[in-house]
Amino acid sequence: MRTDHELRGSPAPVDSIATRNGYANARALRRAVQRWHGTTPAALRNNSRRTLMTW
């Protein structure tokens, strides 16, 4: 999923990622991420960065 990949690998603000991926706004993207992953975009990014650092 492109949005998921962007959130994990891009330093771009959530509102920019939301716009590029067709969401009405950052809130809509945050709600979608909460449904998909059970967490916020910020937490998803932090977990992704921690995983990359441990490799």
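Basis for what follows: all heavy atoms, side chains included, without hydrogens, waters or symmetry-related copies.
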Original post:
Between OG1 of Thr39 and CD of Gln34, what distance do you get to the nearest 0.5 Å?
Top reply: 6.5 Å
Original post:
Quick one: does Arg45's side chain have a donor or acceptor within less than 3.5 Å of a partner on Ser10's backbone?
Top reply: yes
Original post:
Crowded around Arg20 CZ? As in, over 12 foreign heavy atoms under 6.0 Å?
Top reply: yes
Subject >> OG1-CZ distance between Thr40 and Arg31, expressed to the nearest 0.5 angstrom >> reply: 15.0 Å
Original post:
Does a side-chain heavy-atom distance below 4.5 Å link Tyr23 with Thr3?
Top reply: yes
Original post:
Side chains of Asp15 and Asn25: does their closest heavy-atom pair fall under 4.5 Å?
Top reply: no
Subject >> Any Val33 side-chain heavy atom under 4.5 Å of Arg30 side chain >> reply: no
Original post:
With distance as the sole test, does Ser48 use its side chain to make a donor-acceptor pair with the main-chain N or O of Leu44 at under 3.5 Å?
Top reply: no
Original post:
NE2/His37 to CG/Asn47 distance, rounded to the nearest 0.5 angstrom?
Top reply: 11.0 Å
**OP:** Go through the steps for Leu29 and Ile17 under the test side-chain contact (heavy atoms from CB on, under 4.5 Å), then give the verdict.
**Re:** CA-CA 8 Å; Leu29 176 56; Ile17 293 172; 4.0 Å; yes
